[in-house]
Protein chains: 2
Amino acid sequence: MASVTPAEQPPLGLRERKKIKTRKAIRAATYALIEQQGYDATTIEQIADRAEVSPSTVFRYFPTKEDIVITDEWDPVILAELRARPDDESWADVLRHVMRTALDLSLAEEPEVTRLRSRLGVEVPAVRARMMESMAATGRLLREALAERSGLAPDSLELRVFAMSVMGGLMEVSHYWAETGHRDDVRELVDRALDVLEHGLATGKP
Amino acid sequence: MASVTPAEQPPLGLRERKKIKTRKAIRAATYALIEQQGYDATTIEQIADRAEVSPSTVFRYFPTKEDIVITDEWDPVILAELRARPDDESWADVLRHVMRTALDLSLAEEPEVTRLRSRLGVEVPAVRARMMESMAATGRLLREALAERSGLAPDSLELRVFAMSVMGGLMEVSHYWAETGHRDDVRELVDRALDVLEHGLATGKP
DNA sequence: CCATGATTCGACAGTAACTCTCAATCACCA
DNA sequence: TGGTGATTGAGAGTTACTGTCGAATCATGG
């Protein structure tokens with residue numbers, strides 16, 4: 001695999017490099033503090049101290065406290081992956097593939113963070129809220145892709161409902177994963193979820 | 001119809017009556033202020049003033065500002081309706097019926113509020129977040145009902161995913177309704193959404 | 001190598017949502 | 001009517017977040 005990393009190759013100036021470093025420092029500080037104190041008990045001031053920046057800088061990098069936790073850099077990757085799938089593949093298979101890629105990357109790069117994040121998604125309402133926002137955003141991406149694939153208008157009620165229902169289902173997978181401490185089989189969970197989304201509920205009664 | 005109103009019949013004491021009045025006053029004040037100033041510009045203090053209570057009282061009645069906007073009293077009604085449907089009805093029909101009842105009630109009782117609420121759902125992130133929370137809660141109700149109906153465990157991944165995906169789809173209907181100023185045909189929108197959720201996307205290609 | 005212009009940073013002040021506490025008031029019941 | 005427990009109001013405190021303003025830092029052209 002030829003460099004499957006989040007971002008860019010352009011020769012990045014010193015300024016940019018510093019920015020990335022601060023960004024990372026803030027996120028690392030946040031994760032560490034949350035691990036040992038919990039989310040609410042962790043204040044922006046503490047984060048700033050630990051990351052060796054001023055509180056104002058923290059806000060310059062992340063609009064809200066929740067964003068420090070949930071922001072990641074996979075969206076462009078996902079989008080690319082989404083567009084790269086063959087035209088005749090069913091949406092479920094496309095999603096299966098895309099989700100698998102995203103999960104693999106995320107789990108490989110920073111496994112504890114991935115877990116912590118999904119745990120916070122169940123435990124802290126504010127974080128959950130922010131996650132749903134970003135889920136809705138991804139839903140909009142998804143419906144663009146599905147529009148091309150299905151020939152439906154991207155803003156038709158049908159497509160919108162469909163995309164959001166898929167995202168809702170996938171979000172539930174994350175919660176389920178966090179609640180029932182399953183280990184590495186998130187991907188299996190995703191597969192099962194996509195089966196449900198594709199074929200509907202397999203009820204006991206016919 | 002014999003009194004299809006949110007709540008109770010027991011002879012309510014003066015204390016209870018006052019509580020209900022204050023609650024209503026706070027909500028009314030909030031809606032009025034938001035109509036004329038917008039959500040963010042409206043502070044709790046203003047709401048308290050207008051409702052002729054103290055700010056602390058406002059917080060006593062509603063945990064957050066968003067709750068003042070989105071709280072309603074239909075959940076018990078919905079739940080009852082959900083359980084009352086015949087056993088052999090398909091989940092889609094059950095939902096169709098329940099949603100229709102809820103919408104009819106809500107639109108009949110306070111049409112402007114219903115519209116405003118769904119508008120705020122698109123415009124104000126915090127409100128949207130709170131709506132999704134309550135949507136998730138309703139999703140849990142839904143999956144209880146679906147569990148009885150389908151024979152699946154209420155906390156099985158499959159059922160959870162299914163319920164949340166349905167709720168996601170329905171939430172999108174509300175957003176769609178708010179964005180495209182459709183008039184009275186929310187119910188038609190719901191019908192179309194449920195068709196999608198039941199049968200999947202009707203794509204252009206076979 | 002230095003001046004210039006653009007960013008970025010830290011410090012500070014301000015707002016508003018929420019929390020807690022305590023004393024005063026009020027509805028209910030004997 | 002007097003006691004009692006619930007409800008309220010006032011106030012002070014915490015914290016996330018916003019805006020502004022010089023100072024410091026850095027990329028760039030001469």
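Just so we're on the same page: letters track the sequence lines, and every chain starts at 1.
Using a cut-off of 4.0 Å between Lys/Arg side-chain N and Asp/Glu carboxylate O, Arg119(B) and Glu179(B) are scored as not salt-bridged. Between Lys21(B) and Glu16(B) there is no salt bridge, since none of the side-chain N atoms of the basic residue sits less than 4.0 Å from a carboxylate O of the acidic one. Salt-bridge annotation for Asp195(A) and Arg96(A): present, with a side-chain N of the basic residue lying under 4.0 Å from a carboxylate O of the acidic one. Between Arg100(B) and Asp93(B) there is no salt bridge, since no side-chain N of the basic residue sits under 4.0 Å from a carboxylate O of the acidic one. Using a 4.0 Å cut-off between charged side-chain N and carboxylate O, Arg192(B) and Glu188(B) make a salt bridge.
What separates CZ of Arg17(A) from C1' of dT7(C) is a distance of 17 Å, to the nearest Å. Between the P atom of dC9(C) and the CG atom of Asp49(A) lies a distance of 17 Å, rounded to the nearest Å. With rounding to whole Å, Ile47(B) atom CD1 is found 10 Å from dC18(C) atom P.
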Report task. Quick one, give me the B/S/- string for nucleotides 4-16 of chain D, reading 5' to 3', where B means a protein heavy atom under 4.0 Å from the base and S means that only happens at the primed atoms, P, OP1 or OP2. Result -> -BBSBBB-----S
